[in-house]
Protein chains: 2
Amino acid sequence: MEPQKRPGGRSARVREAVRQATLAELAEHGYAGLTVENVAERSGVHKTTVYRRWGGIEGLISDALELAGEEPWPIPDTGSIAGDLRGVVQLVRSGFADPELGPVSSAFVAAAVQDPAAAKALHDFFAARHEQSAQVVRRAIERGELPDVVDPSEVIRVAVAPVYYRLFVAHEPVSEHDADRAADAALAAARAGVL
Amino acid sequence: MEPQKRPGGRSARVREAVRQATLAELAEHGYAGLTVENVAERSGVHKTTVYRRWGGIEGLISDALELAGEEPWPIPDTGSIAGDLRGVVQLVRSGFADPELGPVSSAFVAAAVQDPAAAKALHDFFAARHEQSAQVVRRAIERGELPDVVDPSEVIRVAVAPVYYRLFVAHEPVSEHDADRAADAALAAARAGVL
DNA sequence: CTCCAAAGACTACTCCAGTTGCGTTTACCT
DNA sequence: AGGTAAACGCAACTGGAGTAGTCTTTGGAG
């Protein structure tokens, strides 16, 4: 009574096992502590197989990232653009603050800074996120809360950028207040029509 | 006729040679391609000496970063906060776009994402940069261009954040227009009093 | 000028990430 | 069912990062 056989046999099981092991290792040891051997041992798949199919750590990251990108992203709907934008930014902040998800998310960013393949995967990931999150801005435009000249995805970028900047560039702590302020700043700029 | 002897003898020369070699290797091969052996060979200093004094790649990066932090940062003075802010952000953008400085600067960011020591060094670096750049905002407040409730360094952060976000998180290209727009957005938020 | 302590150079070693070649298993196809 | 090609497992090997011990050089002090 195998789970299911149609979408693939052994290979599919191996792939899934490795993906899960990668995420688990990432959560435990972070990106710096991620090794192919540990992933292989945890997944029960042999070391050489991982090297052949994934090519190395970068491949593991890209694959896991692709998996993460398929998961849906909750879009806030508080009724006002102010609340929605704050919701989006807080979601980002809390995601990295989470002791379980945080290290995994951070690992993706870390990997992308070094490996071009991971960078491409992360680029696509964020393109999708921007597109989805921009929904809150489009709704606001329809409601007349914002001028229709604003670029919806640009508002999202400017809103979340300070959080990422603090986390991965300046390496400063990010409080809830910081997140709200970033969202409010993006909103003020959008209202002024500069975005 | 040695350059100068007071500030130290052999050790000082070794340290300087290694620092320069680190920067040169960083510019050529980036952070991913940086190895202790290459730095040692280029500097003419033995491998073991580098390991003993710097401890490894992280130490090399931290040391080079400390050196970079001592260099002065040009503060724009165009007469208006709008021009000054744009100048600050453009300076960031052009720094990373430069074919020589870009890889080095990027390497610092990459290193800091992985190594705590480099992260600390980069944190201090940006703290100093924020403090210096905030000057343009403080002048604007004095001139009455901005309300005196605004947080000068926060305006800087919000202004430059989208550039870094595009470069190192979303991995999107950054145009001059993007940089100007980010500066304008921060200014609009500051005028609205939300920063 | 001579001596000495600190710092660097050198050699040889260890250890582990990544590779290679080959044997074995597995899913799919007729 | 049986055959086959792809995918996986396995063990041995390679290469380079990092370490340890020892010798040599250097810069300063009396």
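Labels below follow one simple rule: chain letters A, B, ... track the order of the sequence lines, proteins then strands, and each chain is numbered from 1. Keep in mind that what you see is a predicted model, and the values were worked out from it rather than measured.
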Could you state the atom-to-atom distance from CD1 of B:Ile57 to P of D:dT19 in whole Å? 11 Å

Are A:Thr49 and A:Arg53 linked by a side-chain donor-acceptor pair shorter than 3.5 Å? no

Locate the shortest heavy-atom distance separating A:Ala40 from A:Val50; write the atom from each residue and the value. CB-CG2, 4.1 Å

Within the pair A:His46 and D:dC10, is there a side-chain N or O less than 4.0 Å away from OP1 or OP2? yes

Is a donor-acceptor pair below 3.5 Å formed from side chain A:Ser11 to base D:dC8, judging by atom type as modelled? no

In whole Å, I'd like the distance from the CD atom of B:Glu37 to the P atom of C:dC10. 14 Å

Are OP1 or OP2 of D:dG9 and a side-chain N or O of A:Thr49 less than 4.0 angstrom apart? yes

Measure from CD on A:Glu41 to C1' on C:dC16 and round the result to the nearest Å. 14 Å

Charged N to carboxylate O under 4.0 angstrom, A:Glu131 versus A:Arg138? yes

Rounding to an integer number of Å, can you tell me how far B:Glu16 CD sits from C:dG8 P? 14 Å

Applying a 4.0 Å non-hydrogen cut-off, can you work out what A:Gly55 is touching in the nucleic acid: base, sugar-phosphate, or nothing? nothing

Rounded to whole Å, how long is the line connecting atom CH2 of A:Trp54 with atom P of D:dA7? 12 Å

Look at the side chain of A:Lys47 against the base of C:dG18 and say whether a donor-acceptor pair falls under 3.5 Å; ignore hydrogens and angles. yes

Over 12 foreign heavy atoms within 6.0 Å of CD, A:Glu70: yes

Any A:Arg13 side-chain nitrogen or oxygen under 4.0 Å from OP1 or OP2 of C:dA27: yes

Should A:Glu142 and A:Arg139 count as an ion pair when the cut-off is N to O under 4.0 Å? no

Can you find a side chain N or O atom of A:Arg53 that sits less than 4.0 Å from OP1 or OP2 on D:dC8? yes

Looking at A:Arg52 and C:dG21, is any side-chain donor or acceptor paired with a base atom of the opposite kind under 3.5 Å? yes

Please determine whether a side-chain nitrogen or oxygen atom of A:Tyr51 lies at a distance below 4.0 Å from atom OP1 or OP2 of C:dG18. yes

When all nucleic acid strands are considered with a 4.0 Å heavy-atom cut-off, which category describes B:Thr35: base, sugar-phosphate, or nothing? sugar-phosphate

